[in-house]
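Beneath this line is the structure, given in structure tokens, with notes to follow.
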Amino acid sequence: LVLGGGLVGFKAAYGLLKRGLKVTMLITSGYPLSMQVDEVAGRMIMNELLAHGLTVKVGVSVAGFDGNGRVARAVLDNGEQLPCDLVIIGKGVRPSLDFIPRDRIAVDLGILVDDCLQSSVPGIYAAGDTAEAIDIARQTPWVNAIWPEAAAQGRVAGQNMAGRRVRYPGSLSRNVMRVYDLDVMTTGYANPGKDEGFRQVSAGGENQGYYRSLVFRDEILVGAVLINRIEQGGVLRALIENRVPVRFPENILMSPGFNFSKLLK
């Protein structure tokens with residue numbers, strides 16, 4: 001039994017399936033990887049997992065476990081009971097901040113930092129999964145708990161601690177993974193709420209073998225989801241990171257072979 005449809009839960013389920021075990025995934029949301037991808041991409045990923053033997057239950061959570069010395073079954077919030085002899089819990093990412101004196105250091109989900117990664121107390125810095133810095137795509141403080149951002153933040157924080165004034169441009173979420181026959185790339189704010197004022201442009205879908213979704217705020221690309229045909233995903237990421245205005249027909253970016261250098265000219 002795998003609890004959670006995020007990256008940790010997905011990779012755990014995938015690894016167990018590859019070892020020939022029977023796996024059931026329980027997801028509170030309506031599809032896996034809901035923090036990384038939109039609904040269309042989520043359904044494509046879920047269908048691929050189902051086709052390879054995964055059992056998925058959506059919209060449910062675990063209320064408790066039963067067993068004598070070891071787990072034997074899970075009791076769901078809808079009253080259903082599922083027998084199991086192994087449970088992997090991968091629900092959410094929260095920084096461990098219990099040791100932080102909150103009366104002195106400003107804390108939200110993470111430790112709030114400025115563009116030099118300094119906390120609200122001069123001389124105290126934070127980096128990695130504990131640091132809540134500006135998210136480039138969202139333009140708001142956010143925790144992006146991924147290794148490349150932790151490495152970049154550690155470098156900037158260390159330089160500032162050593163007396164060299166270096167500014168951190170902000171963090172950006174991104175992931176690239178393979179789900180059996182699907183290549184998946186997601187970057188930026190790829191799944192905003194429908195009432196947040198963003199514009200989505202998409203191509204492909206569940207029956208076409210590929211999917212490409214781009215999210216814009218005005219002329220600025222802020223998020224992308226690519227399933228198969230992920231060529232030039234790095235160019236799209238660079239557009240998001242550098243907040244380059246897109247002043248040409250957006251449907252050009254739907255092609256995996258678009259020539260960005262020509263567009264700039």
Side-chain angles (χ1 to χ4, degrees), residues 7 33-42 110 113-117 127-128 131-157 159-160 165-177 183-205 210-265:
L7 286 167
L33 301 177
S34 61
M35 293 296 291
Q36 283 79 31
V37 303
D38 62 18
E39 186 175 357
V40 174
V113 293
D114 62 16
D115 58 0
C116 292
L117 297 179
E132 187 170 336
I134 288 293
D135 181 287
I136 295 173
R138 292 175 172 84
Q139 288 294 289
T140 190
W142 199 262
V143 175
N144 282 313
I146 56 175
W147 167 251
E149 291 298 347
Q153 290 175 6
R155 189 177 301 113
V156 171
Q159 289 175 313
N160 280 287
R165 184 76 170 175
V166 178
R167 296 190 181 278
Y168 178 62
S171 66
L172 185 70
S173 65
R174 67 266 195 189
N175 286 284
V176 180
M177 69 198 83
D183 291 317
V184 181
M185 175 179 175
T186 175
T187 183
Y189 196 14
N191 189 22
K194 298 186 184 304
D195 58 348
E196 293 186 60
F198 294 89
R199 185 175 74 263
Q200 181 182 19
V201 180
S202 62
Y210 81 100
Y211 180 62
R212 178 169 288 219
S213 169
L214 305 179
V215 179
F216 292 86
R217 174 182 277 156
D218 300 323
E219 294 181 327
I220 303 297
L221 180 67
V222 298
V225 177
L226 310 178
I227 296 185
N228 293 339
R229 305 185 188 180
I230 66 173
E231 300 92 328
Q232 294 185 302
V235 175
L236 296 173
R237 173 188 154 188
L239 286 173
I240 297 171
E241 281 188 318
N242 294 289
R243 297 184 58 78
V244 178
V246 176
R247 297 194 175 110
F248 48 82
E250 297 160 351
N251 62 341
I252 293 176
L253 299 180
M254 289 295 102
S255 168
F258 67 87
N259 189 320
F260 188 66
S261 63
K262 287 186 176 180
L263 293 175
L264 287 177
K265 295 175 183 178

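Source: prediction; values computed, not measured.
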Over all atoms of both residues, closest heavy-atom pair of Ala127 and Gly154: CB-N, 3.7 Å
Leu236 and Leu226: CA distance, side-chain angles, deciding distance, side chain to side chain contact (heavy atoms under 4.5 Å, CB included) verdict: CA-CA 10 Å; Leu236 296 173; Leu226 310 178; 4.1 Å; yes
Listed once per pair and sorted, the side chain to side chain donor-acceptor pair (under 3.5 Å) pairs that draw on residues 219-228, sequence neighbours left out: Glu219-Arg247
Exercise: identify the closest heavy-atom pair between Ala137 and Gly188: CB-CA, 4.0 Å
Counterpart residues, salt bridge (Lys or Arg N to Asp or Glu O under 4.0 Å), relative to Arg217 (two or more places apart): none
Gln139/Tyr189 under side-chain hydrogen bond (donor to acceptor under 3.5 Å, both in side chains): CA gap, chis, key distance, verdict: CA-CA 10 Å; Gln139 288 294 289; Tyr189 196 14; over 6 Å; no
Test log, rule side chain to side chain contact (heavy atoms under 4.5 Å, CB included), inputs Phe216 and Leu253: CA-CA 12 Å; Phe216 292 86; Leu253 299 180; 4.2 Å; yes
Pairwise side-chain contact, Val215 with Arg199, heavy-atom cut-off 4.5 Å (strictly under): no
Nearest atoms (heavy-atom pairs only) where Ala203 meets Met254: CB-SD, 3.5 Å
Set of side chain to side chain donor-acceptor pair (under 3.5 Å) partners for Asp183, sequence neighbours left out: Arg178
Sub-4.5 Å side-chain heavy-atom contact between Leu172 and Thr187: yes
Validation row: Ser171, Ile136 side chains within 4.5 angstrom (heavy atoms): no
Leu7 vs Met35 side-chain heavy atoms within contact, under 4.5 Å: no
Sub-4.5 Å side-chain heavy-atom contact between Arg174 and Ile240: no
Exercise: identify the closest heavy-atom pair between Val225 and Thr186: CG2-OG1, 4.1 Å
Heavy-atom side-chain proximity of Tyr210 to Ile227 below 4.5 angstrom: no
Option passing side chain to side chain contact (heavy atoms under 4.5 Å, CB included) with Gln153 (candidates Val113, Leu117, Asn144): Leu117
Phe258 versus Gln232, closest heavy-atom pair with distance: O-NE2, 2.6 Å
Check: Pro141 and Ile134 side chains under 4.5 Å, non-hydrogen atoms: yes
Close side-chain approach of Cys116 to Arg167, heavy-atom, < 4.5 Å: yes
